[in-house]
Peer 1: 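Next up is a structure, given as structure tokens.
Remember, it's a predicted structure, so these values are computed and weren't measured experimentally. Below, chain A is the first sequence line, B the second, and so on; all start at residue 1.
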Protein chains: 2
Amino acid sequence: MTTQSERATMRGGHSVTMTDVAERAGVSTATVSRVLNGNYPVAQATKDAVKRAIDDLGYTANAHARALASSATHSVGIIVNDLVDPFFSYIVRGVEQEASTTGRLCIVAASQGDVDREIELIDRMISQRTDAVIVVGGAYDDAGARRRMAERARALAGIGSTLVLCGRPSVGDKAPTKIVGYDNEGGAFAVTEHLISLGHRRILYLGGPVGLSTSVARLAGYRRAMQSRGLDVPTELVRQGAFGRRFGHAEMSEILASKLDVTAVFAANDLVAAGALDAMTAAGVRVPEDISLVGYDDIPQSSELTPKLTTVHVPLEEMGRESVRLALSQDDDAFGRHADGEIIIGTRVVVRESAAAPAATPWASRR
Amino acid sequence: MTTQSERATMRGGHSVTMTDVAERAGVSTATVSRVLNGNYPVAQATKDAVKRAIDDLGYTANAHARALASSATHSVGIIVNDLVDPFFSYIVRGVEQEASTTGRLCIVAASQGDVDREIELIDRMISQRTDAVIVVGGAYDDAGARRRMAERARALAGIGSTLVLCGRPSVGDKAPTKIVGYDNEGGAFAVTEHLISLGHRRILYLGGPVGLSTSVARLAGYRRAMQSRGLDVPTELVRQGAFGRRFGHAEMSEILASKLDVTAVFAANDLVAAGALDAMTAAGVRVPEDISLVGYDDIPQSSELTPKLTTVHVPLEEMGRESVRLALSQDDDAFGRHADGEIIIGTRVVVRESAAAPAATPWASRR
DNA sequence: TTGAAAGCGCTAACAA
DNA sequence: TTGTTAGCGCTTTCAA
């Protein structure tokens with residue numbers, strides 16, 4: 001039972017297969033499979049022979065053949081708007097980390113916020129039979145999109161996989177999805193409350209795409225906080241548009257130029273806050289002495305702004321990790337917190353330097 | 001030849017296969033395959049029947065079976081240090097974009113800068129038979145790692161795939177890799193030259209891991225520029241350590257406290273520059289009035305710092321796109337610029353606001 | 001502890 | 001224009 005021949009080596013282009021290994025080791029492919037997977041007893045000597053053959057031949061198992069035969073792909077899919085936006089990239093990092101920890105590879109795709117593309121990408125991941133498909137980020141209120149998404153959730157459930165909505169509202173009660181969310185409304189309420197307690201009355205809500213679930217909820221939290229303190233929210237105090245630094249900068253510049261009377265700004269996310277801060281600094285407006293500023297998400301760079309940004313902490317990486325854990329957990333694990341297929345992660349206000357009591361003389365009324 | 005039966009629908013858990021579709025449409029699987037791939041003529045009526053069956057059944061092709069039968073995976077792999085670092089995430093974005101444009105999915109993995117893990121990840125991608133494996137970022141001078149990498153390059157070539165080194169030096173002449181690089185030494189030379197022309201003589205080189213190819217090259221460019229102008233580079237003017245905001249901040253704070261006599265700082269990358277800028281701002285040092293500052297990479301947020309950072313532009317996203325194009329291009333495309341399997345992308349100094357002529361009285365000597 | 005053999009779901013000659 | 005028939009490379013009973 002020694003090595004048989006050399007002919008299996010380097011068959012031009014034609015890659016080395018398990019049959020080649022079996023032949024060289026003088027065993028059957030079944031045995032090779034067994035030593036590879038270590039799921040059945042194999043004699044030590046046989047094991048060694050096989051390992052040697054694998055080394056000699058430079059064999060690397062074909063994951064597709066494996067997936068086909070065993071219907072286990074060891075992969076997860078994740079779909080985000082934009083790979084460069086820190087909100088998404090931290091979540092992707094968490095997903096990749098957890099996937100990797102559980103021996104899985106991570107297929108990522110960017111939808112650019114396009115609903116059709118998102119659905120198409122989910123379909124491609126269904127094709128790949130990934131163990132989970134994680135869709136990240138807010139969505140617009142669109143019954144059609146929800147229906148199509150629910151269909152995919154069913155298709156995934158049908159192949160033993162799971163659709164996870166990460167930071168996105170449910171697509172319907174009966175859809176077999178799992179959800180990893182965080183409290184947008186509550187966080188917005190809390191941080192607005194914080195500003196009000198500091199003494200602010202004229203608080204501007206800045207940014208967030210109109211109608212996107214995330215911003216809708218944040219705006220709602222802001223409104224509820226204002227109303228619960230008997231404060232009015234006239235239309236000029238709400239300026240929606242986008243999530244992004246550029247938007248924050250442009251809009252804030254305009255607002256400062258218009259001398260709108262506000263003593264604090266609640267930016268819909270940290271990127272908008274960073275842009276707004278730039279605009280204020282450029283205009284000579286001091287934060288927080290002249291105008292207070294808060295954000296949302298607590299992306300790491302927020303604590304590196306000058307002044308450090310007061311914001312609402314969202315554990316992005318943890319949400320990513322939790323998304324894959326939840327997807328992979330068995331539904332019948334009745335004792336775990338996962339039992340109901342939905343996790344709502346708590347948020348909390350992180351008080352740093354960018355918000356303080358309003359000045360005696362509002363900035364807008366000076367000069 | 002109308003639909004035969006309903007029994008194929010919803011076979012619990014057991015997903016819908018091409019056979020189910022064929023049966024329902026009353027054709028053979030070969031025909032189904034043909035309408036799916038559109039690579040052979042099929043009668044319109046047949047086509048319609050098949051499409052209807054696909055819809056009715058909610059069929060989604062199994063990518064693994066497809067890959068196994070056709071040995072075409074339509075996927076690319078990319079390995080980076082960290083998905084959250086803008087240097088890498090912009091490259092990943094470019095790769096994902098180009099992959100997506102060419103109908104491919106993108107498998108991403110993070111190595112955390114660990115060489116063994118990187119090799120392991122490449123092996124997993126070989127298992128996946130991706131059309132290309134793109135390894136991003138500098139490397140340490142390590143013959144062993146280079147040899148193992150060269151082995152993988154050969155393995156990939158053996159299965160008709162390609163190893164692309166993106167922003168990383170060659171692993172040996174005979175290794176069948178393709179390279180997408182950019183000029184670290186030249187860019188560093190140019191930006192140092194820029195500072196010297198402005199009148200600076202005491203220029204600090206800050207950051208970059210010791211021995212990492214990227215920082216080695218940047219430091220070399222800096223040294224060459226200094227020497228070509230007859231300027232000394234005493235050891236206290238070179239402070240290496242890491243690529244990262246935190247490092248830039250900590251190191252710069254210390255340097256300011258030590259009152260080291262410098263009029264300009266060349267940060268090894270923009271992240272280090274951003275950290276250094278923070279430290280300077282916090283210490284009341286004005287940029288560029290008191291000390292000039294330049295970076296490297298030109299990540300988009302660099303133009304949003306205050307002051308806007310003068311730096312060396314590296315087209316990160318483009319490098320990502322180019323990596324997949326190069327990998328996918330045929331070697332025998334003798335007319336293209338790809339013919340030699342290596343692309344060196346040009347870099348250029350972007351002059352913005354953070355570097356100016358030195359002050360008459362150096363900051364360090366005041367008070 | 002090992003081998004033989006039947007698939008997994010699809011593609012691609014080869015015929016018809 | 002369509003069907004038949006081999007595989008692709010692996011896993012997994014079932015026997016031995």
Peer 1: To the nearest angstrom, how far is Met18(B) atom CE from dC8(C) atom P?
Peer 2: 15 Å
Peer 1: Can you tell me which nucleotide in dC8(C), dT1(C), dG9(C) comes closest to the side chain of Thr17(B)?
Peer 2: dG9(C)
Peer 1: Quick check: do Arg66(B) and Asn37(B) have side-chain heavy atoms less than 4.5 Å from each other?
Peer 2: yes
Peer 1: On the nucleotide dT2(C), are OP1 or OP2 found under 4.0 Å from the side-chain N or O atoms that Thr31(A) carries?
Peer 2: no
Peer 1: Tell me whether the side-chain N or O atoms of Arg34(A) pair up with the base of dG3(C) as donor and acceptor below 3.5 Å, since no angle test is needed here.
Peer 2: yes
Peer 1: Can you tell me if the side-chain N/O atoms of Ser33(B) get under 4.0 Å from OP1 or OP2 in dT11(C)?
Peer 2: yes
Peer 1: Below 4.0 angstrom, N of the basic side chain to O of the carboxylate: do Glu322(A) and Lys178(A) qualify?
Peer 2: no
Peer 1: Could you check whether Ala67(B) gets within reach of a base, just the sugar-phosphate, or nothing at all, counting any heavy atom under 4.0 Å?
Peer 2: nothing
Peer 1: What is the separation between atom NE2 on His64(A) and atom P on dG7(D), rounded to the nearest whole Å?
Peer 2: 22 Å
Peer 1: Please tell me if Tyr40(A) has a side-chain N or O lying less than 4.0 Å from either OP1 or OP2 of dC14(D).
Peer 2: no
Peer 1: Between Ala30(B) and Leu68(B), which is nearer to the 5' end of DNA chain C once each is assigned its nearest nucleotide?
Peer 2: Leu68(B)
Peer 1: May I ask you to evaluate whether Thr46(B) reaches the phosphate of dT2(D), defined as a side-chain N or O under 4.0 Å from OP1 or OP2?
Peer 2: yes
Peer 1: Over how many whole Å does the gap from Leu36(B) atom CG to dG9(C) atom P extend?
Peer 2: 15 Å
Peer 1: What integer distance in Å separates Ile159(B):CD1 from dG9(D):C1'?
Peer 2: 13 Å
Peer 1: For Arg66(A) and dC8(D), what is the distance between atoms CZ and P respectively, to the nearest whole Å?
Peer 2: 18 Å
Peer 1: Please confirm whether the shortest side-chain N or O distance from Ser28(B) to OP1 or OP2 of dG3(D) is below 4.0 Å.
Peer 2: yes
Peer 1: With nearest nucleotides of DNA chain D determined for Asn39(A) and Gln44(B) from heavy-atom distances, which residue corresponds to the more 5′ nucleotide?
Peer 2: Gln44(B)
Peer 1: Using the side-chain heavy atoms of Ala43(A), tell me which of these nucleotides is nearest: dC10(C), dT2(C), dC10(D).
Peer 2: dT2(C)
Peer 1: For a side-chain contact (heavy atoms from CB on, under 4.5 Å) with Ser100(B), tell me which candidate from Gln97(B), Glu98(B), Glu96(B) qualifies.
Peer 2: Glu96(B)
Peer 1: Between Lys47(B) and Asn62(A), name the one whose nearest nucleotide on DNA chain D is closer to the 5' end.
Peer 2: Lys47(B)
Peer 1: Ignoring the backbone of Ala69(B), work out which of dA12(C), dC10(D), dC8(D) is nearest its side chain.
Peer 2: dC8(D)
Peer 1: Under 4.0 Å, counting only non-hydrogen atoms across every strand here, what does Val27(B) touch: a base, just sugar-phosphate, or nothing?
Peer 2: sugar-phosphate
Peer 1: Test salt bridge (Lys or Arg N to Asp or Glu O under 4.0 Å) on Glu151(B) and Arg148(B) and set out the steps.
Peer 2: CA-CA 5 Å; Glu151(B) 272 168 18; Arg148(B) 291 195 293 164; over 6 Å; no
Peer 1: Of Ile91(A), Val164(A), Val92(A), which is the lone residue that meets side-chain contact (heavy atoms from CB on, under 4.5 Å) with Ile134(A)?
Peer 2: Val164(A)
Peer 1: State whether Asn37(A) places a side-chain N or O below 4.0 Å from either non-bridging phosphate oxygen (OP1 or OP2) of dT11(D).
Peer 2: yes
